[in-house]
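See structure below.
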There are 2 protein chains.
Amino acid sequence: MTESQAKLAPTLAESPARTVERILSAAARLFAERGMAGVGLREITAEAGVNLAAVNYHFGSKEKLLEALFARRALPITQERMRLLGRCAEAPGRQPMLEQVLEGFLRPAFSLGREAGVDGATFGKLRARLSVESVELYRRILSQAFDASTAAFLEAVVAALPDLPRAEVEWRFHFMLGTMLYTMADSGRIQSITGGTCQPSDAEMALAKLVPFLCAGFRAPPTA
Amino acid sequence: MTESQAKLAPTLAESPARTVERILSAAARLFAERGMAGVGLREITAEAGVNLAAVNYHFGSKEKLLEALFARRALPITQERMRLLGRCAEAPGRQPMLEQVLEGFLRPAFSLGREAGVDGATFGKLRARLSVESVELYRRILSQAFDASTAAFLEAVVAALPDLPRAEVEWRFHFMLGTMLYTMADSGRIQSITGGTCQPSDAEMALAKLVPFLCAGFRAPPTA
DNA sequence: ATCCGTATAAAACACTCGTTCGAAAGAAGA
DNA sequence: TCTTCTTTCGAACGAGTGTTTTATACGGAT
């Protein structure tokens with residue numbers, strides 16, 4: 001009932017970190033593929049090669065496992081985002097401001113997160129899945145992880161498009177989130193329609209195609 | 001084991017259609033909110049006001065319930081899509097071809113489906129959720145329901161943009177699917193970022209904002 | 001060596017899951 | 001009325017769920 005079993009500040013380099021990391025890695029993979037409700041703790045612990053009770057011992061509950069997963073994997077993304085946003089600047093020889101901002105927002109989401117055994121694509125899938133749910137827990141996790149940096153980028157886009165009404169920018173920013181998340185989800189649908197010529201799993205290619213597309217959309221004249 | 005209990009061709013207007021429809025309606029709502037694995041048959045049948053065994057009696061299994069749901073709700077969308085595609089034509093006084101095609105693709109997805117108790121928004125959410133999963137069953141259901149009409153619209157967009165390489169069109173078509181599905185999902189995230197000024201649940205507004213945005217993106221010069 | 005806080009292990013907890021069964025009820029025709 | 005087919009209902013099945021508990025092993029410190 002109480003949170004007595006939360007790990008009590010292991011002062012030194014933890015040797016059981018291996019177990020924790022193995023659980024996180026397996027959980028990310030399985031959650032991304034079949035969702036929170038679709039995967040059992042027994043399957044996760046079996047794939048991680050640890051005992052069933054390890055999840056509740058190290059994380060407290062299944063829900064807190066998901067929270068811990070996001071707390072670890074999302075931070076590098078938002079940090080890199082803010083770093084890239086700080087480097088954006090109008091200067092001769094560089095790309096226009098809007099292109100810089102969008103690339104700074106999208107690139108970390110696509111390419112980052114592949115530290116410590118969980119590749120970026122897996123975490124992206126998990127993110128995309130949680131993003132289309134209306135479950136309160138997921139919305140809270142996503143908000144806590146990404147809202148701050150996302151709001152900062154929204155302001156940067158507003159500033160980069162001074163002639164566009166703010167409401168218009170917000171709609172288009174929303175559309176951008178859709179393209180980003182659906183590409184990260186990589187559901188395989190576009191492959192089945194086109195026969196495989198378009199591969200959203202290729203992060204560099206996706207970025208190269210996505211940024212010009214979005215910039216053109218953002219620069220469209222305001223709606224009547 | 002066998003499919004013996006499938007409903008055996010009720011020759012006339014079925015009176016138990018009420019039960020079937022109530023189940024479909026409740027299942028759509030609950031599946032859309034919490035996913036296939038997140039909702040139990042007991043909750044569905046309770047909300048529908050029918051007996052627990054009714055699902056297996058009328059549909060055969062939980063999976064077949066989902067298939068039946070899509071078989072009923074997706075057909076009107078694709079039919080309306082193809083009807084609108086057939087009406088697209090280059091003519092003075094009308095919008096450009098690309099705008100007509102995209103509107104024909106998007107409008108039925110947003111506004112249709114609200115027949116027989118399930119409003120369009122609910123089915124849209126369910127669609128969006130299934131679209132980001134990589135589970136084989138869901139991909140099969142979505143492919144069967146939408147691939148044909150989607151492929152036809154892809155060809156129409158290719159034809160409307162003769163100067164754009166096909167691969168480029170396919171990428172941008174994929175991006176369009178992302179904007180459409182994320183808007184239908186209406187996860188509430190853009191509201192929490194912007195404070196509620198942007199409401200994806202407003203279908204007409206979403207269409208008015210989405211079509212110009214996408215058309216500008218499609219018309220961007222090809223990537224190097 | 002003992003003690004102690006941490007970690008792992010196996011078993012059991014109380015539920016919920018999708019599905020099935022047998023009986024009861026209803027509807028329609030002979 | 002009797003019969004037949006369809007539909008509903010309550011109860012149960014076996015399997016699987018997240019979580020808790022109990023006991024055992026490990027690793028340093030005193």
Side-chain angles (χ1 to χ4, degrees), chain A residues 1-27 30-31 33-69 135 137-138 141, chain B residues 1-27 30-31 33-69 135 137-138 141:
Chain A
M1 195 60 65
T2 74
E3 44 194 327
S4 59
Q5 276 177 313
K7 201 174 40 179
L8 299 176
T11 47
L12 274 193
E14 337 158 35
S15 70
R18 194 63 53 86
T19 297
V20 168
E21 213 56 50
R22 294 246 287 271
I23 293 174
L24 286 172
S25 181
L30 291 170
F31 283 165
E33 276 179 21
R34 304 212 298 281
M36 252 299 254
V39 183
L41 252 31
R42 282 162 181 82
E43 190 173 359
I44 294 173
T45 52
E47 176 135 337
V50 304
N51 189 271
L52 164 64
V55 169
N56 281 281
Y57 177 77
H58 286 286
F59 297 96
S61 73
K62 190 186 184 186
E63 288 196 353
K64 288 186 180 174
L65 167 60
L66 183 69
E67 296 187 50
L69 188 49
V135 177
L137 169 68
Y138 305 156
I141 290 178
Chain B
M1 197 63 65
T2 73
E3 45 193 325
S4 59
Q5 277 177 313
K7 201 175 40 179
L8 300 175
T11 47
L12 273 193
E14 337 158 36
S15 69
R18 194 63 52 87
T19 296
V20 168
E21 212 57 49
R22 294 248 285 272
I23 293 174
L24 286 172
S25 180
L30 292 171
F31 283 166
E33 277 180 20
R34 303 212 297 278
M36 257 291 261
V39 183
L41 252 31
R42 283 164 180 83
E43 190 174 1
I44 294 173
T45 52
E47 177 136 335
V50 304
N51 188 272
L52 165 64
V55 169
N56 280 280
Y57 177 77
H58 287 286
F59 297 97
S61 71
K62 191 186 184 185
E63 288 196 353
K64 287 186 180 173
L65 167 59
L66 183 69
E67 295 187 48
L69 188 49
V135 177
L137 169 68
Y138 304 158
I141 290 177

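A, B, ... follow the sequence lines: proteins, then strands. Residue 1 opens every chain.
In this structure, CD1 of B:Ile23 is placed 12 Å from P of D:dT7, rounded to the nearest angstrom. A straight line from CG of A:Leu65 to P of D:dT17 spans 15 Å, rounded to a whole angstrom. Between A:Leu66 atom CG and D:dG18 atom C1' there is a gap of 15 Å when expressed in whole angstrom units. In this structure, the CG atom of B:Asn51 is 15 Å from the P atom of C:dA25, given to the nearest Å. Atom-to-atom, CG of B:Leu52 to C1' of D:dC9 comes out at 10 Å; the value is rounded to the nearest Å. Whole-Å rounding puts the B:Asn56 CG to D:dA12 C1' distance at 14 Å. Atom NZ in B:Lys62 sits about 15 Å away from atom P in C:dT16, given to the nearest Å. Taking atom OH of residue A:Tyr57 and atom P of nucleotide C:dA9, one finds them 13 Å apart after rounding to whole Å.
At the heavy-atom level, B:Ala54 lies nowhere under 4.0 Å from the strands shown.
With DNA chain D read from its 5' end, the first of the two nearest nucleotides for A:Gly60 and A:Glu43 is the one closest to A:Glu43.
In this structure, A:Asn56 CG and A:Leu65 CG are separated by 9.5 Å, a value rounded to the nearest 0.5 Å. With values rounded to the nearest 0.5 angstrom, A:His58 atom NE2 is found 5.0 Å from A:Thr19 atom OG1.
Here B:Thr19 reaches the OP1 or OP2 of D:dT8: one of its side-chain N or O atoms lies under 4.0 Å away. In this structure, B:His58 reaches the D:dT8 phosphate: one of its side-chain N or O atoms is under 4.0 Å from OP1 or OP2.
No hydrogens or angles were tested; on distance alone, a donor-acceptor pair under 3.5 Å links the side chain of A:Arg42 to the base of D:dG18.
The shortest non-hydrogen separation linking B:Ile44 to B:Ile23 is CG2-O, 4.2 Å.
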task = Please report the C-alpha distance between A:Phe59 and A:Leu66 in whole Å, then the side-chain angles of each, then the deciding distance to 0.1 Å, and finally whether the side chain to side chain contact (heavy atoms under 4.5 Å, CB included) criterion is met.
result = CA-CA 9 Å; A:Phe59 297 96; A:Leu66 183 69; over 6 Å; no

